[in-house]
Amino acid sequence: MQSTSAFPSLSAQEAVAFIRHGDTVAFSGFSPAGAAKAVPGALIERARAEHEKGNPYQLRILTGASSGQTIDEDMARAGAVSWRAPYQSGAALRKQINAQQVEYVDMHLSHVPQTVAYGFFGKINFAVVEATEITLDGRVFLTTSIGASPTYLQHAERVIIEINHRQSPRLREMADIFIMPPPPHRNPIPIHDPLTRIGWPYAVVDPKKVIGIVESDLPDQTTEFSSPDGVGKRIAGHVVEFLMDEVRTGRIPDTFLPLQAGVGNVANSVLAELGAHPDVPPFYMYSEVFQDAMADLMASGKLLGASATSLTLSSSRMKRIVGDMDYFVPRIVLRPQEISNHPGIIRRLGVIGLNTVLEADIYGNVNSSHLYGMDIVNGIGGSGEFTRNSYLSILMAPSIAKEGRISAIVPMCPHVDSNEHSVQIIVTEQGLADLRGLGPLQRAQRMIENCAHPSYRDYLWRYVRESRNGHIRHDLQRSFELHRNLLEHGRMLPEAVSQKAEVKKSP
């Protein structure tokens, strides 16, 4: 490879001196994987110093999805964020967004590159991208995620490259980077199985835009997932039983279909259960995030190969992969998020999507992102893209939360991320509701019988029976009663309401 010595070497503090109050800064990273680390840390120091002097210093922040602790949480605590897109997962940032102190654009992740390319976010003043190497002619070898970094490198006015010496140079062997041309010059994307490669192992930047190199050896800020609990295992059991029934009926081929799984303990539980089931054949995945359960399944031979946009792995699983790259490299492809989440590819491959939700209503609309329809939690992420376009979309949640004070099954979702036209299967630890081919009243019956917690079923039956008749039954006076109760009384069914509930037969 060509030397990078022609690019100025900067400390993180020297690099952030170029970044002004009000700038839009696009950071690498999809989840904590491959996120910029040294420069965001220095930006926090600068923001605090400027604020102590009485000067404003806030930035507009773009990433691929959520990011590490430094970007998603510490920058918010330092008061350094005025605007954020397209996804976040920090408690302090969430609080600021819900207080209208930070403007937040929550959006489908595959839409980010095109939105940037057409200027809907305005100018991208800086891209700060983590890599293992940059060559003099502008080839940038990314680390543990691809995300939207290739687009940010292409469209940012100026670029800072963080060279992370901790990351393995062999990660480039997993990368398959392809940038979509603008419409109407787009041909069909020639991906016909999860491991098809169509691009290059590097992103590209105009070397004239690179203002310097910042060296780092900081690890990705990932954490271990908790072990599956009883609720997660029961949800996983229902999902696996359903999928095996689909195989037996011929709706899923004996060779299985590629899976997608969202991030979290429930998704990890389902993947672990699939891996342990003797009748589930070895399978592939076409997903966003390559996470711990997938590493274990691949090591055992149950997962034959996986396409993703990031390696979001605990330190122990990352060490396992780096220690055996000859085994893992041919089995993992890392793509830009515009490709990993592309609707056409998801539909072509017949992906089975496995994602979690906050709540679902009795007609099959789901809310993945907001409490009470008002307060953001994290965002929609990529779940909507897979829910809308998968061969089978399976959405999962515990039936109750906060020791029963909250039900995940409600009469009407006050915020809808995926509506009943896209949602097919809802699963809680209580059971599974297959909503395919059912009208609204049939869906309500299936949801209440199979998915609602017993302590909420009477209320939900009464709501359906007493609501105004129509294609979809609702009582607009009471449709959000559970959410109002939660806000006013701290529980969806206050004691006074609970005592009035009577056992009702289904309508």
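Residues take their numbers from the sequence shown, with the count starting at 1. Only this structure's heavy atoms are used, side chains among them; waters, hydrogens and symmetry mates stay out.
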* Any sub-3.5 Å donor-acceptor pair from Y152's side-chain atoms to T63's backbone N or O? -> yes

* Charged tip of R84 within 45° of Y104 ring normal and under 6.0 Å -> no

* May I ask you to decide if Q291's main-chain N or O and R317's side chain share a donor-acceptor pair within less than 3.5 Å? => no

* To do: Would you sort out whether H370 and E359 count as a side chain to side chain donor-acceptor pair (under 3.5 Å), showing the intermediate values?
  => CA-CA 9 Å; H370 286 76; E359 62 185 354; over 6 Å; no

* **Short side-chain donor-acceptor distance under 3.5 Å, R335 and S307** => yes

* To do: Identify whether the distance between the nearest side-chain nitrogen and carboxylate oxygen of D23 and R60 falls below 4.0 Å.
  => no

* Is any side-chain N of the basic residue among D220 and R166 closer than 4.0 Å to the acidic one's carboxylate O? -> no

* With respect to L243, which candidate in I352, V270, V280 satisfies the side-chain contact (heavy atoms from CB on, under 4.5 Å) definition? -> I352

* For T70 and Q221, does a side-chain donor sit closer than 3.5 Å to a side-chain acceptor? -> yes

* To do: Indicate yes or no: at least one non-hydrogen side-chain atom of L349 is less than 4.5 angstrom from one of Y284.
  => no

* Asked: Quick one: are M75 and L59 in side-chain contact, heavy atoms under 4.5 Å?
  -> yes

* All pairs passing side-chain hydrogen bond (donor to acceptor under 3.5 Å, both in side chains) where residues 204-219 contributes a residue, at least two apart -> H165-E215

* Asked: Would D72 and S89 count as having a side-chain donor-acceptor pair, cut-off 3.5 Å?
  -> yes

* Would a distance-only check, ignoring hydrogens and angles, find a side-chain to backbone donor-acceptor pair under 3.5 Å from S422 to S418? -> no

* Assess the side chains of S28 and E130: does a donor N or O sit below 3.5 Å from an acceptor N or O? => no

* Under 4.5 Å between any side-chain heavy atoms of L395 and I425, yes or no? -> no

* Asked: Pick from V25, T24, N125: which one makes a side-chain contact (heavy atoms from CB on, under 4.5 Å) with I19?
  -> V25

* Asked: How long is the gap from CZ on F386 to CD1 on I394, to the nearest 0.5 Å?
  -> 13.5 Å

* To do: Verify, without hydrogens or angle tests, whether E52 (side chain) and A49 (backbone) share a donor-acceptor contact under 3.5 angstrom.
  => no

* Asked: Does L313 offer a backbone N or O that forms a donor-acceptor pair with the side chain of T222 under 3.5 Å?
  -> yes

* To do: State whether R77 and E73 are salt-bridged, where the test is any N-O pair (Lys NZ or Arg NE/NH1/NH2 against Asp/Glu carboxylate O) under 4.0 Å.
  => yes

* Asked: Quick check: does any side chain N or O of R94 sit under 3.5 Å from a backbone N or O of V377, one acting as donor and the other as acceptor?
  -> yes

* Asked: Per the side-chain contact (heavy atoms from CB on, under 4.5 Å) rule, which among V205, T309, L142 passes with S149?
  -> L142

* Decide if atom OH of Y327 counts as having more than 12 heavy atoms of other residues, nucleotides or ligands within a radius under 6.0 Å. => yes

* Please tell me if the side chains of P40 and E162 come closer than 4.5 Å, counting only heavy atoms from C-beta onward. => yes

* Asked: Hey, what do you get for CG (L10) to CZ (F18), rounding to the nearest 0.5 Å?
  -> 6.0 Å

* Do S31 and T312 have side-chain N/O donor and acceptor atoms under 3.5 Å apart? -> yes

* Full working for side-chain contact (heavy atoms from CB on, under 4.5 Å) between I161 and L153 -> CA-CA 10 Å; I161 300 294; L153 289 169; 4.1 Å; yes

* Kindly assign one of parallel, tilted or perpendicular to the pair H21 and Y57, based on the angle between their ring planes and the thresholds 30° and 60°. => tilted

* To do: Please work out which of the three classes, parallel, tilted or perpendicular, describes the rings of W83 and F121, given edges at 30° and 60°.
  => perpendicular

* Answer whether the closest heavy-atom distance between the side chains of H192 and P190 falls below 4.5 Å. => yes

* Is there a side-chain contact (heavy atoms from CB on, under 4.5 Å) between S66 and Q88 once you walk through the steps? -> CA-CA 4 Å; S66 61; Q88 55 77 39; 5.8 Å; no

* Asked: Is a salt bridge present between E133 and R172, judged by a nitrogen-to-oxygen distance below 4.0 Å?
  -> yes

* Using atom types as modelled and distance alone, determine if a side-chain donor or acceptor of D417 lies under 3.5 Å from a backbone N or O of S368. => yes

* Do N341 and E385 meet the criterion of a side-chain donor-acceptor pair at a distance under 3.5 Å? -> yes

* To do: Report the residues that fulfil ring pair (Phe, Tyr, Trp, His ring centres under 6.0 Å) with H342, sequence neighbours left out, ordered by chain and then residue number.
  => none

* Structure fact -> In this structure, CG of L311 is separated from CE of M294 (nearest 0.5 Å) by 9.0 Å

* Asked: Are any of the side-chain heavy atoms of H108 and I380 separated by less than 4.5 Å?
  -> yes

* To do: Answer yes or no: is there a side-chain heavy-atom contact under 4.5 Å between M285 and L304?
  => no

* For the pair R48 (side chain) and G79 (backbone), establish whether a donor and an acceptor sit closer than 3.5 Å, ignoring hydrogens and angles. => no

* Side chains of L171 and M325 in contact at under 4.5 Å (non-hydrogen atoms) -> yes

* To do: Apply the test side-chain contact (heavy atoms from CB on, under 4.5 Å) to residues D176 and L334: give CA-CA distance (whole Å), side-chain angles for both, the deciding distance (0.1 Å), then the verdict.
  => CA-CA 6 Å; D176 185 61; L334 296 181; over 6 Å; no

* Measure from the side-chain N and O atoms of K302 to the backbone N and O of L297, and report whether any donor-acceptor pair falls under 3.5 Å. => no

